[in-house]
Structure formats: C-alpha cells, structure tokens
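In what follows, a single structure is set out as structure tokens and then discussed.
Letters A, B, ... are given to chains in the order of the sequence lines, protein chains preceding strands, and every chain is numbered from 1.
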Amino acid sequence: MAQKPGIPKGTRDFSPVEMVKRNYIFDTVKEVFQRYGYLPIETPAMENLSTLLGKYGEEGDKLLFKVLNSGDYLKKASEEFLSSKASGKLTTQISEKGLRYDLTVPFARFVVQHQNEIAFPFKRYQIQPVWRADRPQKGRYREFFQCDVDVVGSNSLLNEVELIQIVDEVYRKLNINVVLKLNNRKVLAGIAEIIGAADRIIDITVAIDKLEKIGLDKVNEELVEKGLSKEAIDTLQPIIMLEGSNSEKLEKLRAQLAGSEIGLKGVEELEKVFAYLNTLNLDLEVELDLTLARGLNYYTGAIFEVKAKDVAIGSITGGGRYDDLTGIFGLKDVSGVGISFGADRIYDVMNQLELFPQDSGARTNLLFVNFGEAEQVYCLNLLKEVRKAGINAELFPDSAKMKKQMTYANKKEIPYVAMVGENEMKDGVINLKNMNSGEQQLVTVENLIKVIINH
RNA sequence: GUGAAUGUAGCUCAGUUGGUUAGAGCGCUGGAUUGUGGUUCCAGAGGUCGCCGGUUCGAAACCGGUCUUUCACCCCA
C-alpha cells in the first residue's frame, strides 16, 4: 500500500537550487568567521535532557523536543504518574535525551567538558540545525539553522567590537543593508533599579521590547498589568523615549542613571564600544536602542540585534554577553559573548531582494550524449580529460532517445552538449552544441576545453 | 498553549441553492521529427475531492471530530 509521503510539521526539504543558495550563505559566514580567528566545532543533535532543561525558562522547557528512551521505556514509569496522566512528571521517567534548542548551551557544555584541552580565550563558530516545538508561522520553523560565533574566557570589550565588525563584513559581503541595534543589560538593570523595581527587570524589558511594534500606550498598559506602580512607569517614560545621536543618548542616560552603580557601568561599557567603533569607520549603522531587550535571560552585558533595512522580517542576527553561562555546568568566572546569524531568515531576505549571485559555479557545464556501447567507452576518456581541465561534465548514463537526453540538458540548464557518434569517432572530433544559441561546431578536445573555459 | 483560515490531478487553482461520468492551465508520457532541447501541433496517462464519522434518496459541497498547511497572539532566529 502506497502511503502519502510527508515530513513533520515545521520542517522542510531543500532542493538543489535552494541548497546552492544556502551554501552560499554558509560559505560566506564561514569565511568571515575564520578571517577573525574562529574555528568550527560541532556538537550532537541530541543532548542529555538534564543539560537542556531549565536553561531557557519555563517556556523554553515546553518547546524542547524530547526523545523517547529506547527499548521498553514504560518499564521505569511509575504507576502513579501513568494513571494520573501527569505528562510533565512522566517525561523525566521515559525520556532522558532531547534535541538541542540552540547552540549556546551545548557550547557552554562543550567548554566545561573540554576545558583542559581548550586555549582561552576560546573562539569558535558552529553552524548546525536547532529544533523548537514551537507552532510554525511566517519565517519560523521547528527545525532551523543557526550560525553562532562566540568567544569565551575574555572580558574585553574588544570582543564585542570584533563581533560588530564581523556583522559588518558578513552583510557587506552578502549585500544586505542592515542596522545593528546595541543595548546593554546593565543599563536595563540600572533603569529597573532607579524606578524602584529592580526585581521586575524581566517584565519591564519584555514590555519595552515591544515599543516599536505596539506603541508607547500599549507598553504602559502592559506595565500596569504587570503590577508596576504609576510612579515607576512615569519615571520610565523619559528614559525609553530618549532621542538624539548615540552620544547624546548616552550623555542623558548617564545623568538619569546617576544613582545606579550597575546602570553607570552599563553606560560606560557602551561608551567604550562606541569609542572603538568610531576609530574603525565601519559602513555599518550602529544604533543605541534602549528598547532592545531580547528574551534570553542569561545576557548580562551587551545585547545585539541586526535588522534588514529593506525587508520587514524581524531580526536576522542576535546575541550578547553572558557572564556565567558555564557556571551552571561547574566552571565559574568564564565570561562569553557571541552572536547568532539566522540563516533561514537571511535566505528569505536575499531571495526577496534577489541578492543571490546568478552563476554559483555549482552546475554541469557539459553533457555528453550517450549513443551506445562503443560511444560510451570513447566518451569516458574524453570526459576524463575535460574534468581534468576543471570542467563540470557528465555523460548521460543510458543510451536513451536523443530527445530525452537533450531535454535533460535543457532542464538542468547545461550550457554545452557534446555529441560523439559513429561519424565523430571516425574523424576524431566532437560535435559541440551551444544550448543558448543553438550553434554547433566540430572541435577537438583541446578546443572544446578552450571554448567552455573562455565562455 | 490561545484565536482564525485552509486542504480537489505532480504543481497552481475552478467546481452554481446538495443532483448522472469532478474540470482548466502548467507539468508528465508518446507521436509529428528512427542523431538535436527550449517554440508549435496531435494524442494519452494521472483524482477513495486530507482522513474518520454524521445529516440526506443522493455529499467535493452541509454538520462534528481529527490531521496538514498558513496567519495572528505568546515567545523567538
């Protein structure tokens, strides 16, 4: 019985055309990462559930894909949880592995586990898929690729600056106009502190993060809902509505946050980063944005987000500094900072803007038509020579009808077709057809190679 | 997790208030052209109308459930 094929919700197949484009993105980011001294690592698709759980908040735990134990997985399950259908508690008894949710936590695990082999500061990049049991929607999948670059074991703000340079270079190479938004968690903490709600920093940041999307009134409404006092909200207004150049904003902030030690520390960090950037004269537009909060709870310093200017698709790159990510795995006082390029969204942006190069080089340039046994053998040697000259070439594997072979060449957009039948073999020539112009010429192998290479 | 839309040929979609044998375009296969594709002409194959159940003399159409895809919210890349 034939069953209807399909793939799990929120996952995708990638055709050759799509893969060529995706690889263009991956190759570009890899090249830039390596230019700055970052080297690749990979970690397993599955991690122990214990290393994943509790790292992404309550919401994150729900979005983790859990892998059922092998064998008789119900054996260890308690009758109590089974009969009461307590799936939450049952999970830990029947599943001990899960698919990775991001690349940062597995990276932290990697660093702790291999700390004795690693030279710090450790600069690594990692390009792998991650999985989230989210409900799919526009630009959002259950399986997607992240391209992470991180450096751990250094507190220097030079690292932040370097990552910004990487962003600049990647997007210049990909030809995407972007703006990088920069903020600092310490500043947000300072703000929470001076409005007298230091413990509510998460609620506050989540709310003001939506400023651009839902407007000031709705943000204030949400703050009221979260139980913030009117005074606190009033004090907040001038801060989140700060205007002017980056340096003007910082100046005003410094004054507003005078009473908060942590807040001033944040301002200082931002000033330093901007000072470095000014000496570098980047093309990249970098904007201080106090409403940038990012959901992740583990950021402690800089927060980055990159948006495409010409397409509304949300952020295409994000990241920040986390002071104690490895602490939960037992390695204290190792600070890290990193960013993640969202390959799938970058793909969508480039596709919409038609920024992919026309000729990727990933195509067959020459097809030999198959005329039969004797011709096949003869062509195999020609093929060998042509390939040796660096030309992507193939021989049609069956001696099918000419029409079928030509249609194949046409569909694969192969620009040249070589026809070597009885007559050509006898004369030691190749009948070379240019598929765009339709022109044909009789040539030697040497000339064929020249024609195609000079094409 | 909440709310909504959607599902008919390989693909994109028609299909009247419920009425015989469910259509089109593109694609596919064969032929016109036994060594010449992309244009043209001719012919052909291909569908348990997402799945399960209900209403009805009769369901692709109406109702319920379920799954898929899509969109918004939550959250996020």
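- Ring planes of A/F110 and A/H114: tilted class, angle from 30 to 60°.
- Rounded to an integer number of Å, the gap from CG of A/L63 to C1' of B/C73 is 14 Å.
- If you look at A/F341 and A/Y171, their ring centroids are closer than 6.0 Å.
- Between the side chains of A/Q137 and A/R135, no donor-acceptor pair of N or O atoms lies under 3.5 Å.
- Within 4.0 Å (heavy atoms only), A/G139 reaches at least one base atom of the nucleic acid.
- With C1' as the reference atom, B/C49 and B/A59 are 11 Å apart, rounded to whole Å.
- At whole-Å resolution of the value, CG in A/D13 and C1' in B/U68 are 15 Å apart.
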Where along nucleotides 31-38 of chain B does protein come under 4.0 Å, by heavy atom, of base (B) or sugar-phosphate alone (S), with - for untouched nucleotides? S---BBBB
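- Remark: C1' of B/C76 and CZ of A/F144 are 8 Å apart, rounded to the nearest angstrom.
- Side chains of A/E169 and A/Y36: a donor on one and an acceptor on the other come within 3.5 Å.
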Could you give me the CA-CA distance, side-chain angles and deciding distance for A/V20 and A/F356, then say whether side-chain contact (heavy atoms from CB on, under 4.5 Å) is met? CA-CA 10 Å; A/V20 165; A/F356 285 108; over 6 Å; no
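- Note: A/F145 and A/F26 have tilted aromatic rings, judged against thresholds of 30 and 60 degrees for the angle between ring planes.
- Each of A/R142 and A/G10 was assigned the nucleotide of RNA chain B with the nearest heavy atom; the assignment lying further toward the 5' end belongs to A/G10.
- Rounded to whole Å, the C1' atom of B/U68 lies 34 Å from the corresponding atom of B/C57.
- To the nearest whole angstrom, the two C1' atoms, one in B/G23 and one in B/G46, are 14 Å apart.
- Computed from coordinates, the A/Q146 CD to B/C76 P distance equals 13 Å when rounded to whole Å.
- A stem is defined here as three or more consecutive Watson-Crick or G-U pairs, each with both distances under 3.5 Å; for RNA chain B these stems are B:1-5 with B:69-73, B:10-13 with B:23-26, B:28-32 with B:40-44, B:50-54 with B:62-66.
- In this structure, A/K210 reaches the sugar-phosphate backbone alone: every heavy-atom distance under 4.0 Å involves primed, P, OP1 or OP2 atoms, never a base.
- Regarding contacts with the backbone of B/A72, a side-chain N or O of A/Q137 is found under 4.0 angstrom from either OP1 or OP2.
- Rounded to whole angstrom, the span from the CD1 atom of A/I25 across to the P atom of B/A77 amounts to 18 Å.
- Comparing the same atom, C1', in B/C13 and in B/G7 gives a spacing of 12 Å after rounding to whole Å.
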As a quick check of understanding, evaluate side-chain contact (heavy atoms from CB on, under 4.5 Å) for A/L366 and A/L448, giving each step before the final call. CA-CA 10 Å; A/L366 176 66; A/L448 179 147; 3.7 Å; yes
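- A/Q376 and A/S399 share no donor-acceptor pair across their side chains, judged by distance under 3.5 Å alone.
- No hydrogens or angles considered: a donor-acceptor pair under 3.5 Å links the side chains of A/S340 and A/D148.
- When the P atom is compared between B/G15 and B/U8, the two are found 14 Å apart, to the nearest whole Å.
- Between A/R12 and A/D344, at least one side-chain N (NZ, or NE/NH1/NH2) sits under 4.0 Å from a carboxylate O, which counts as a salt bridge.
- The distance between atom CZ of A/R132 and atom C1' of B/C74, rounded to the nearest whole Å, is 14 Å.
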Which is it for A/K123 and A/E162 under the salt bridge (charged side-chain N to carboxylate O under 4.0 Å, His left out) test, yes or no, and what are the steps along the way? CA-CA 11 Å; A/K123 300 170 80 166; A/E162 179 166 282; 2.9 Å; yes
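- The distance from atom CZ of A/R100 to atom P of B/C76 is 20 Å, rounded to the nearest whole Å.
- Of the candidate nucleotides B/A72, B/U69, B/A77, B/U69 has the atom lying nearest to any side-chain atom of A/K9.
- To the nearest angstrom, P of B/U69 lies 16 Å from NZ of A/K138.
- Spacing of C1' atoms, B/A22 relative to B/U66, comes out at 25 Å, to the nearest Å.
- The same atom, P, is picked in B/G25 and in B/A72; the two are 35 Å apart, to the nearest Å.
- Judged by atom type and distance alone, A/R135 reaches the base of B/U2 through a side-chain donor-acceptor pair under 3.5 Å.
- Here the separation of B/C62 from B/A77, taken at their P atoms, is 41 Å to the nearest Å.
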